[in-house]
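Below is one structure, written out as structure tokens; comments come after it.
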2 protein chains.
Amino acid sequence: MTTSAARPYHHGNLREALLAAGERALEAGGAQNLSLRELARDVGVSHAAPRRHFADKQALLDALAQAGYEQLEATLTAAAAAGGADFDGRLLALARAYVSFATERPALVDLMFASKHQAGAASELAQAGERSFAPALAAVADGQAAGAVVGGDPERLAKVAFAVLQGLVVLANNGLVDDASLDELVAEAVQRLVLGLRPR
Amino acid sequence: MTTSAARPYHHGNLREALLAAGERALEAGGAQNLSLRELARDVGVSHAAPRRHFADKQALLDALAQAGYEQLEATLTAAAAAGGADFDGRLLALARAYVSFATERPALVDLMFASKHQAGAASELAQAGERSFAPALAAVADGQAAGAVVGGDPERLAKVAFAVLQGLVVLANNGLVDDASLDELVAEAVQRLVLGLRPR
DNA sequence: ACCTGAACACCGTTCAAGT
DNA sequence: ACCTGAACACCGTTCAAGT
């Protein structure tokens with residue numbers, strides 16, 4: 001019952017502490033410059049200690065990416081709820097939420113969407129990625145039910161919608177779009193998308 | 001006049017040789033696993049030799065990214081010419097060309113579009129990036145002139161169009177879209193885009 | 001002008017050993 | 001079960017010195 005936990009002998013919380021330090025290191029210098037030994041130092045354990053919790057550096061990066069997908073899913077779920085019932089408003093709310101999320105954490109988003117997580121890889125990661133995609137899919141499906149969106153495979157249409165946003169994030173994070181015009185551009189893209197998806 | 005160049009004493013071609021080896025290493029293992037020392041070994045020089053040509057590893061990566069933008073520009077220029085005069089066909093040709101380019105060189109595209117090249121960085125790189133964007137911009141501007149595209153800032157519309165494609169590439173390179181349905185999805189996205197950009 | 005060889009400080013990973 | 005310390009093979013970067 002040592003709830004005060006001055007340090008439960010064997011640190012006790014190493015996995016979470018490493019992830020937290022990893023998030024900080026990631027935004028500070030990108031996955032490239034993240035050092036496992038440095039994280040261990042930050043957290044106050046020997047450089048070999050992380051091994052118990054992460055088989056190697058990639059495993060820690062994967063865990064960071066997965067945590068990112070979970071944050072993203074929560075963010076988008078909240079935005080979709082706040083966006084109201086009509087398709088246009090909900091899509092715009094999702095778009096703004098996603099673009100904010102991604103431009104605030106460029107290194108994390110690079111890590112989440114760099115083409116490293118193909119094939120068999122970590123299927124937990126793939127599943128987290130797919131779950132984060134659900135709010136957009138639901139928006140499209142509801143839009144179809146309400147007659148605001150053409151028929152067809154909702155997953156395919158949602159992927160198109162998501163692709164637009166992902167692309168805008170890439171443009172923004174590369175400085176091809178300055179912050180001032182980004183929101184304008186997001187609005188424009190959503191409007192074009194809504195028009196393009198409208199039944200005719 | 002030793003045109004036969006069995007090795008012009010001081011290698012002679014080190015910069016280009018390193019870039020070529022770098023391209024191979026990049027596709028083999030990503031920027032993360034690219035080692036300057038390994039490139040030097042591949043090319044047959046000491047590990048300190050690259051320093052004359054690239055100040056550090058990042059400089060070599062930047063040069064690879066720049067070469068990538070130049071390849072991309074050439075690819076898109078050719079595709080735009082082959083795509084014909086009408087907006088729909090030209091946009092589809094651009095889209096297919098870009099998606100092929102990017103899915104064939106995932107690591108290069110990650111390098112080109114990872115959020116590392118912001119701020120002042122290498123402005124040659126930024127310029128190469130902007131030049132590669134010109135064919136899409138021209139397609140939109142011509143589309144406006146021909147009455148197939150709504151008015152407004154053509155650069156903003158072109159960025160929306162580019163964003164769609166970039167997003168599809170991310171989806172494809174992450175295994176969220178399998179190769180079989182990718183072309184279908186590209187066609188769908190272009191169609192939605194064309195409809196969304198149409199004057200009404 | 002271009003390259004080499006030795007050196008420095010760092011890294012990821014492994015493994016016996018400690019508690 | 002969890003962590004340490006020493007060890008290994010590698011890395012990027014620097015700098016005197018060679019040609």
Side-chain angles (χ1 to χ4, degrees), chain A residues 1-3 5-26 28-65 107 111 114 116-117 121-122, chain B residues 1-3 5-26 28-65 107 111 114 116-117 121-122:
Chain A
M1 278 283 194
T2 60
T3 323
R7 188 172 296 185
Y9 196 24
H10 281 332
H11 189 285
N13 244 343
L14 189 48
R15 195 191 142 89
E16 273 67 29
L18 286 170
L19 286 175
E23 265 182 83
R24 287 192 299 271
L26 191 61
Q32 188 93 232
N33 296 70
L34 181 150
S35 148
L36 228 41
R37 286 174 102 115
E38 193 179 16
L39 297 189
R41 264 180 259 127
D42 287 355
V43 162
V45 294
S46 84
H47 65 263
R51 240 259 164 166
R52 283 294 128 182
H53 303 276
F54 302 100
D56 55 19
K57 185 178 170 178
Q58 190 57 51
L60 186 140
L61 291 177
D62 285 353
L64 285 175
L111 180 64
K116 280 167 189 161
H117 320 300
Chain B
M1 280 287 194
T2 58
T3 322
R7 188 172 296 185
Y9 197 23
H10 280 334
H11 189 283
N13 245 343
L14 188 50
R15 196 191 142 89
E16 272 68 29
L18 286 170
L19 286 175
E23 266 181 82
R24 287 193 298 270
L26 192 60
Q32 188 96 231
N33 297 69
L34 181 149
S35 147
L36 229 40
R37 285 175 103 113
E38 192 179 16
L39 297 189
R41 263 179 260 127
D42 287 354
V43 161
V45 294
S46 84
H47 65 263
R51 240 257 163 168
R52 284 294 128 181
H53 303 277
F54 302 100
D56 55 19
K57 184 179 171 177
Q58 190 56 51
L60 186 139
L61 292 177
D62 286 352
L64 285 175
L111 180 64
K116 281 166 190 163
H117 320 299

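The figures here come from the full heavy-atom set of this structure, side chains too, leaving out hydrogens, waters and symmetry mates. Here is how names work: the chains are called A, B, and so on, in the same order as the sequence lines, proteins then strands, and each is numbered from 1.
Look at CG on A/L39: it is 16 Å from P on C/dC10, rounded to the nearest Å. Taking atom CG of A/N13 as the reference point, atom C1' of D/dC3 lies 15 Å away to the nearest angstrom. Distance B/Q32 CD to D/dC10 P: 18 Å, rounded to the nearest Å. Atom pair A/E38:CD and C/dG12:P shows a separation of 9 Å (rounding to whole Å applied). Regarding B/R52, its CZ atom lies at a distance of 12 Å from the P atom of D/dA16, rounded to whole Å. B/N33 has its CG atom 17 Å from the P atom of C/dC11, to the nearest Å. Rounded to a whole Å, the NZ atom of A/K57 is 16 Å from the P atom of C/dC10.
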Please list every donor-acceptor pair under 3.5 Å in which a side-chain atom of residues 16-25 of chain B meets a protein atom from a residue at least two apart or in another chain.
none

Anything under 3.5 Å between a donor and an acceptor, one on a side chain of residues 37-45 of chain B, the other on a protein residue two or more places apart or in another chain? List them.
none

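The distance from atom CG of B/L26 to atom CG of B/L61, rounded to the nearest 0.5 Å, is 7.5 Å. In this structure, the separation between NZ on B/K57 and CG on B/D62 is 12.5 Å, given to the nearest 0.5 Å. Note that CG of A/N13 is 9.5 Å distant from NE2 of A/H53, once rounded to the nearest 0.5 Å. Atom CG of A/L60 sits about 8.5 Å away from atom CZ of A/R15, to the nearest 0.5 Å.
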Under-3.5 Å N/O pairs linking protein and nucleotides 5-7 of chain D:
residue	atom	partner	partner atom	Å
D/dA6	N6	A/H47	NE2	2.9

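Taken residue by residue, residues 15-22 of chain B places no heavy atom nearer than 4.0 Å to DNA chain D.
Helical stems involving DNA chain C, defined as 3 or more consecutive Watson-Crick or G-U pairs under 3.5 Å, span C:4-8 with D:12-16, C:12-16 with D:4-8.
Looking at heavy-atom distances under 4.0 Å, B/L34 makes contact with sugar-phosphate atoms alone, never a base.
Among all heavy-atom pairs drawn from A/A59 and A/A55, the shortest one is CB-N, 3.9 Å. Contact record, A/A63 with A/F54: CB-CE2, 3.8 Å, taken as the closest heavy-atom pair.
The side-chain contact (heavy atoms from CB on, under 4.5 Å) test applied to B/N33 returns no partner, not counting sequence neighbours.
An OP1 or OP2 oxygen of C/dG12 is reached within less than 4.0 angstrom by a side-chain nitrogen or oxygen of A/S35. When the side-chain nitrogen and oxygen atoms of B/R51 are compared with OP1 and OP2 of D/dA16, none of them lie within a distance under 4.0 Å.
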